[in-house]
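As the structure lists them, so they are numbered: ligands from 1, and atoms in each ligand from 1.
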Amino acid sequence: MSKLFETAQLKQLALNNRIVMAPMTRARTSQPGNIPNEMMADYYAQRASAGLIISEATQISDDSQGYSFTPGVYNDEHVAGWRPVTDKVKTQGAHFFCQLWHVGRVSHPVFQNGEQPIAPSALAPVETKVWIADDSGEGKMVDCVEPRAMLQADIDRVISDFAYAAKRAVEAGFDGVEIHGGNGYLIDQFLRTNSNHREDKYGGSRENRVRFLLQVVDAVSEVIGADKVGVRLAPFITFKDMNCPDIVPTILLASQQLQARDIAYLHLSEADWEDAPQIPEDFRIALRERFSNTIIVAGGYDQMRADEVLNKGYADLVAFGRPFVSNPDLVSRLANQQPLAELDPTTLFGGNEKGYTDYPNYQ
Ligand SMILES: Cc1cc2nc3c(=O)[nH]c(=O)nc-3n(C[C@H](O)[C@H](O)[C@H](O)COP(=O)(O)O)c2cc1C
């Protein structure tokens, strides 16, 4: 029997299995205001046979947005919108974390009242685009612009925005939050030497580059408890102009510091394109030595690869992204070795029920 179908403990939460639905932006909030809605409740509830669901990346403030129609979790309307979503998911048996993000330089003045986005340093990401839609829902990809380097006051404010959004997420019924520290967004921009040229206590050495992440984690933990906090990191990605030669040791240092804070989990966003290099085994061993709480892995997993990392003790839970888009009943399909449906890439972002809530269960 595959370990995937065993129950698992995530701090005080008892998970029905070791299968996680990975965070996936689907850009289907109600406008204006990026408000979660009933269609989103149906979408997540259809997939709630997963032991744990991590929500799509969710804004912590007005200036944290980089793509059209992604949800927020920082005002009363957002909280009221999320509440029926979390209720519906929880009646189906899954636990539910909210992924909190600030996109940093992966943004555009359209989302910033015409101002520049903020980032550790004034360095535009080369060949990086964001998706901007008009009121009719028609969207296009546009280049990111040069950001403004954050002042200490900006850093302090964003840290408190993360903490406030975490409080609101718990109020909205989430079991906890996942701090998005990967995929080239703000926290990741602080971690890497290519996007962080700061000369203050947030730049230069590894200790300095992990400081912002740790301050966010501390502020969020103080408000909701470290046992409700997960962190996503992406050691092997290079997209969004994030090729940093020092990222692996930086992330190993961060993982040690996160273990010391006793957070609920560390979530690795692994390289997931077709011919991506395999994650070296010595990295997995080094990570496990430093982080003994729950490790989640994601990125191109099928049941065989999942079993391998679970059996070797490199991970405790395995997240599936794209397979969950087109297979709402992914858990039972895996358990019963039924074929998986293909997803339609044209309906991933924005739009309506088509390609969102209309994928059928296995007949
Ligand atoms: C449509 C789509 C949207 C995504 N949005 C997010 C996101 O909001 N936050 C995040 O951390 N990762 C996001 N990802 C990455 C996934 O969480 C996951 O790491 C990736 O899809 C690899 O897993 P898979 O091979 O099982 O799909 C997204 C991926 C897809 C396909």
Considering heavy atoms of the protein only, find what lies nearest to [atom] and give residue, atom and distance to 0.1 Å.
| atom | result |
| --- | --- |
| atom 31 (C) of ligand 1 | R322 CG, 3.5 Å |
| atom 3 (C) of ligand 1 | T25 N, 3.3 Å |
| atom 12 (N) of ligand 1 | R232 NH1, 2.8 Å |

Ligand 1-proximal atoms of [X], by part, heavy-atom distance under 4.0 Å:
| X | answer |
| --- | --- |
| E270 | neither |
| N183 | side chain |
| W101 | neither |

Sub-4.0 Å heavy-atom approach of F324 to ligand 1: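 Flag not set, F324 not near ligand 1.
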Output, in order, the C-alpha distance, side-chain angles, deciding distance and verdict of side chain to side chain contact (heavy atoms under 4.5 Å, CB included) for F239 and N183. CA-CA 8 Å; F239 55 67; N183 296 5; 4.2 Å; yes
Other than V142, which residues form its hydrophobic cluster under the rule that side-chain heavy atoms must be closer than 4.5 Å?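 Cluster partners of V142: Y67, F69, W101, V103, V106, V110, F111, V130, W131, I132, M141, Y185.
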Anything under 30° is parallel, anything over 60° is perpendicular, the rest tilted; go ahead and classify Y202 against F212.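 Taking F212 first and then Y202, their aromatic rings stand perpendicular (interplane angle over 60°).
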Can you name the side-chain contact (heavy atoms from CB on, under 4.5 Å) partners of D282, sequence neighbours left out?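 By the side-chain contact (heavy atoms from CB on, under 4.5 Å) rule, D282 matches P280.
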For E222, is the CD atom crowded, meaning more than 12 foreign heavy atoms sit under 6.0 Å from it?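 Count not over threshold, so no.
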Quick check on contacts: which atoms of ligand 1 are under 4.0 angstrom from a heavy atom of Q99?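 Within the 4.0 Å cut-off of Q99, ligand 1 contributes 7 (C), 8 (O), 9 (N), 10 (C), 11 (O).
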Beyond-backbone contact of L10 with H95, side-chain heavy atoms, under 4.5 angstrom: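 Answer no - side chains too far apart.
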I want to know if ligand 1 touches A57 in the polar sense, i.e. an N/O pair below 3.5 angstrom.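 Among all N and O atoms of A57, at least one is under 3.5 Å from an N or O of ligand 1.
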